Structure formats: structure tokens, C-alpha cells
Amino acid sequence: MWYSNSSWLKAFTPFSWILRRLVEYRRTRYKSETHRVWKAPVPVCVVGNVTVGGTGKTPLVIWLCEWLTRRGVKVGLISRGYGGKASKYPLLVSERARCREVGEENVMLHRRTGVPIAVDPNRVRATQFLLDNHSIDLVIADDGLQHYRLGRDIEIAVIDGARGIGNGLQLPFGPLREPKSRLLEVQWIVVKGDNIRLDLPKSFLQLEPVEFVNVSDNSVRPIHEFRTQYAGNLRAIAAIGNPNSFQDTLNQIQIQAKVTPFRDHHHFRADELNENGTVIIVTEKDAQKIRELPMDTSHIWYLKVNVKFKDEVDEFLMSLLYKHGIDVMGTN
């Protein structure tokens, strides 16, 4: 309803304005009472969004970690660990980490990037723990744009181009966590896709399908080979913030499978994945939870995707980082 311009929600516009003022007041207090904000000894970059739901934030974080690592920057990640619940915080994500403890996104980020990741609902404590245990040049906070107690040097806001900011109202009457004007304060706006009306400087990224990977043994199939081999025998599921985006990606590569949506961060049961000969396609994020189930997962594959920018961003990023003491000029 937030994104379909439902007329009855417009009746709550005055209440949304009140919530907007409360959010602005909270942010203003943190900006004026600087003693409430903890500043890390190294630069901190927050990657988040002003709306609820999937925007492509995690693929961008992966891309950033890989881009920085190739240029010799020692990167560390912090996360609140949404989707997981550990017995003790803070903790570092390891090869033995389980999704129910640290969240499936952090397991995926560790597998894809190999960078140190500290998990704690208290992001300040997570940052301190990360810096106590690793030599880090730059901390990336995965989400947390609205967590103002953690001081930050760079803010990146990610927007889903297909859905934009919906009806423009604050939660719970619309998808906005903060007013649209908050986008004027960030250093970089990244839009997934290009179907958006937003009169602000921005970069556009696309999720580029790479290959299918088997959840059980990590074997790989090129997309064209997978499409031919399993045509007519496919089912797709997604437990992510925006399942429609997964459907769009499958349509893009001509995979004939309708996505069955589950709520974001849903922990699958074995009976939801037993299909009597049907091959199941999932997102890479969901694959992390599924591979931990005590069942045969050889019939389940995930689609690996990478980020590809439609415009050149290297020079912009190098300049932005240089302003905060991180010199990546002249590196490969």
C-alpha cells in the first residue's frame, strides 16, 4: 500500500508530519549535543537507507569492501546482526558463525568479502570491539543511517529505483524512516536501477547475475546452461525485503519461475523446501540459512549477483575518501 498510492493512507498525512517533526527533533538533538555522539579514531562510513525494505544495500557493501581491499585499504564491517540472536555480544563473525546467531547477511558478507565483521546491537560497542581486535583503516557500518550515537564521516544512502520513496509518508503510514530531505545531507546517493524521479546527484547501479551456485556442494552452473538444463522444473522463493526485485532479476535472465515470497529474514523449515524432484532457486542471502538445515539441499541453487555501476564512480570515491584521510590514489 505504501507504494501503490493508496488513497486512504493519505488521510494520515497530518500524523506523518508529526512523526517527521519528532524524527527531525531527535536528529537535531544529536547534532547539537555532540557529547552524546561517539567518534571512532578511524573514519566511519555508514551505508543505509531512508526507507524500509530491500534496496540493494548488501550487494553495495560487498562491492565497496572488494573495491577498497583491491586498493590496499584495510576494511572492517560492523552490524547489529538483524535476523540473528547471540547469547553474548559483541562477537566477531567466523567461518563457524551461524545465521541464527549473527544473521544471514553477515554470514554472506563474510563469505563474499573475507573482511573482519563485528556484530552487536550496540553499534558503538561493535566498532570499539572491531578496532580492539583488528588493524582497520576504515569502518563500514552496514545499515545504521539513523543510529546517530555512532559518529560517521561518510554517509551513503541506497534507494530502490523501482519503488523510490513510495507515498512519501513517515512510518507507519509510508515507508520513510526519515524525511526525504535527509537525502540532502548524505555524501552519496546510490540508486538500484534507474526508474526514479529524484532531483539530486546520484549514481546508478545494477545487479548483474553471474551464475548459479549449488547450496550443497558449491558447484557452479553458467546461467544459460542452468536455464536449459532445468527448464520447466523450477520454483523460486525469497525471504528478503523486496521479493519483487528477485523476480525482476530472474525475468532479466529469462528464468521461468514465479517467486514465492516469505517475510524478510524468515528461517526456513525443511518441509518448506522438499519438492519431489523440483529444483528450487533462492537468493544468496537465503542460501546461507538453508545450508545450515539438516536436510539434502542438492536440489537448491542460489543466483550469485554482482554490482555494476552504469557510470564511472572510481574518481568520485577516491576524492571522497581522500577528504577523510584515506589515500587510494594511483592504486589498482
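All values derive from a computational prediction rather than experimental measurement.
At a threshold of 4.0 Å, the pair R98-E292 counts as salt-bridged, since one of the basic side-chain nitrogens sits closer than that to a carboxylate oxygen. Residues D153 and K39 are paired through a salt bridge, judged by an N-O separation under 4.0 Å between the basic side chain and the carboxylate. A salt bridge does not link R80 with D143: every distance from a Lys NZ or Arg NE/NH1/NH2 to an Asp or Glu carboxylate oxygen is 4.0 Å or more. Between R182 and E24, no side-chain nitrogen of the basic residue sits less than 4.0 Å from a carboxylate oxygen of the acidic one, so the salt-bridge criterion is not met. At a threshold of 4.0 Å, the pair K285-D264 counts as salt-bridged, since one of the basic side-chain nitrogens sits closer than that to a carboxylate oxygen. By the 4.0 Å N-to-carboxylate-O rule, E104 lies close enough to K289 to be salt-bridged with it.
Nearest heavy atoms, V102 versus A97: CG2-CB, 4.0 Å. Nearest heavy-atom pair across L92 and H134 is CD1-NE2, 3.9 Å. The shortest heavy-atom contact between G277 and N233 is O-ND2, 2.9 Å. The two residues R163 and V52 make their nearest non-hydrogen contact at NH2-O, 4.0 Å. Residues V158 and G56 come closest through the heavy atom pair CG1-C, 4.1 Å. The minimum heavy-atom distance linking S219 with W301 is given by the pair O-CZ3, 3.6 Å.
R112 places no side-chain N or O within donor-acceptor distance of the main-chain N or O of V107, the cut-off being under 3.5 Å. For R100 (side chain) and A86 (main-chain N/O), no donor-acceptor pair under 3.5 Å exists by modelled atom type. A donor-acceptor distance shorter than 3.5 angstrom exists from the side chain of H299 to the backbone of L273, with no hydrogens or angles considered. Between the side chain of E312 and the backbone N or O of D314, at least one donor-acceptor pair lies under 3.5 Å. Formation of a donor-acceptor pair under 3.5 Å by the Q247 side chain with backbone atoms of P243 is not found in this model. Remark: the backbone N or O of G241 is not paired with any side-chain donor or acceptor of H265 at under 3.5 angstrom. Side-chain N or O atoms of R269 include none that pairs as donor or acceptor with a backbone N or O of H267 at under 3.5 Å. Remark: side-chain polar atoms of S319 are not paired, donor with acceptor, to backbone N or O of E315 under 3.5 angstrom. Looking at D120, its side chain never comes within 3.5 Å of a backbone N or O of R123 through a donor-acceptor pair. Counting only distance, with no hydrogens or angles, the side chain of Q187 and the backbone of E155 share a donor-acceptor pair below 3.5 Å.
To the nearest 0.5 Å, atom CG of residue L200 and atom CD1 of residue I189 are 4.5 Å apart. Taken from CD in Q170 to CZ in R21, the straight-line distance is 10.0 Å, to the nearest 0.5 Å. Atoms OG1 and CG, from T55 and L205 in turn, are 9.0 Å apart once rounded to the nearest 0.5 Å. One finds the CG atom of N133 at 12.0 Å from the CD atom of Q128 (value rounded to the nearest 0.5 Å). In this structure, T127 OG1 and I140 CD1 are separated by 12.0 Å, a value rounded to the nearest 0.5 Å. Note that the CH2 atom of W188 and the CG atom of L183 stand 14.5 Å from one another [nearest 0.5 Å].
Residues R221 and Q229 bring a donor and an acceptor atom of their side chains to less than 3.5 Å of each other. Using modelled atom types and a 3.5 Å distance limit, the side chains of N218 and R291 yield a donor-acceptor pair. Judged by distance alone, the side chains of N106 and S79 do bring a donor and an acceptor atom under 3.5 Å apart. Side-chain atoms of R111 and Q288 include a donor-acceptor pair closer than 3.5 Å.
By the 4.5 Å heavy-atom criterion applied to side chains, I281 and Y230 are not counted as neighbours. Within the 4.5 Å cutoff, the side chain of I136 has heavy atoms near those of the V139 side chain. The shortest distance between side-chain heavy atoms of I154 and I156 falls below 4.5 Å. I300 has its side chain out of reach of N214: every pair of non-hydrogen atoms, C-beta onward, lies at least 4.5 Å apart. Between P41 and L131 there is a side-chain heavy-atom pair separated by less than 4.5 Å.
Heavy atoms from other residues, nucleotides or ligands lying under 6.0 Å from NZ of K202 number more than 12. The 12-atom threshold is not exceeded at OH of Y82, counting heavy atoms of other residues, nucleotides or ligands nearer than 6.0 Å.
Cluster annotation: V73 is connected to F316 through the hydrophobic network of ILVMFWY side chains, with a link wherever side-chain heavy atoms come within less than 4.5 Å. Connection of V213 to M108 is not established within any shared hydrophobic cluster, with ILVMFWY side chains joined at heavy-atom distances below 4.5 Å, either directly or through further cluster members. The same ILVMFWY cluster, assembled from side-chain heavy atoms under 4.5 Å apart, contains both V186 and F204. Residues V220 and I223 do not share a hydrophobic cluster, defined by chaining ILVMFWY side chains whose heavy atoms lie under 4.5 Å apart. Note: the hydrophobic cluster containing V61 also contains L68 (ILVMFWY, side chain heavy atoms under 4.5 Å, direct or indirect links).
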Notebook entry, point to check: What do the steps show when you test I159 against N49 for side chain to side chain contact (heavy atoms under 4.5 Å, CB included), and what is the final call?
Noted result: CA-CA 7 Å; I159 301 174; N49 42 37; over 6 Å; no
Note to self: Assess the residue pair F268 and I237 against the criterion (side chain to side chain contact (heavy atoms under 4.5 Å, CB included)); give the C-alpha distance rounded to whole Å, side-chain angles, the decisive distance to 0.1 Å, and a yes or no.
What the structure shows: CA-CA 10 Å; F268 293 101; I237 62 176; 3.6 Å; yes
Checklist line | Worked verdict on W38 versus V44 for side chain to side chain contact (heavy atoms under 4.5 Å, CB included) | finding: CA-CA 11 Å; W38 182 78; V44 172; 5.9 Å; no
Notebook entry, point to check: Between K57 and D142, does a side chain to side chain contact (heavy atoms under 4.5 Å, CB included) hold up when you go through it step by step?
Noted result: CA-CA 8 Å; K57 173 179 59 63; D142 181 18; 2.8 Å; yes
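In summary, of the residues considered (T283, I240, L207, V259), a side chain to side chain contact (heavy atoms under 4.5 Å, CB included) with S245 occurs for I240 alone. Across L64, V328, V42, L321, a single residue satisfies side chain to side chain contact (heavy atoms under 4.5 Å, CB included) together with L138, and that is L321.
In this pair, H266 and F262 present their aromatic rings parallel. The plane angle is below 30°, not in the 30 to 60° band.
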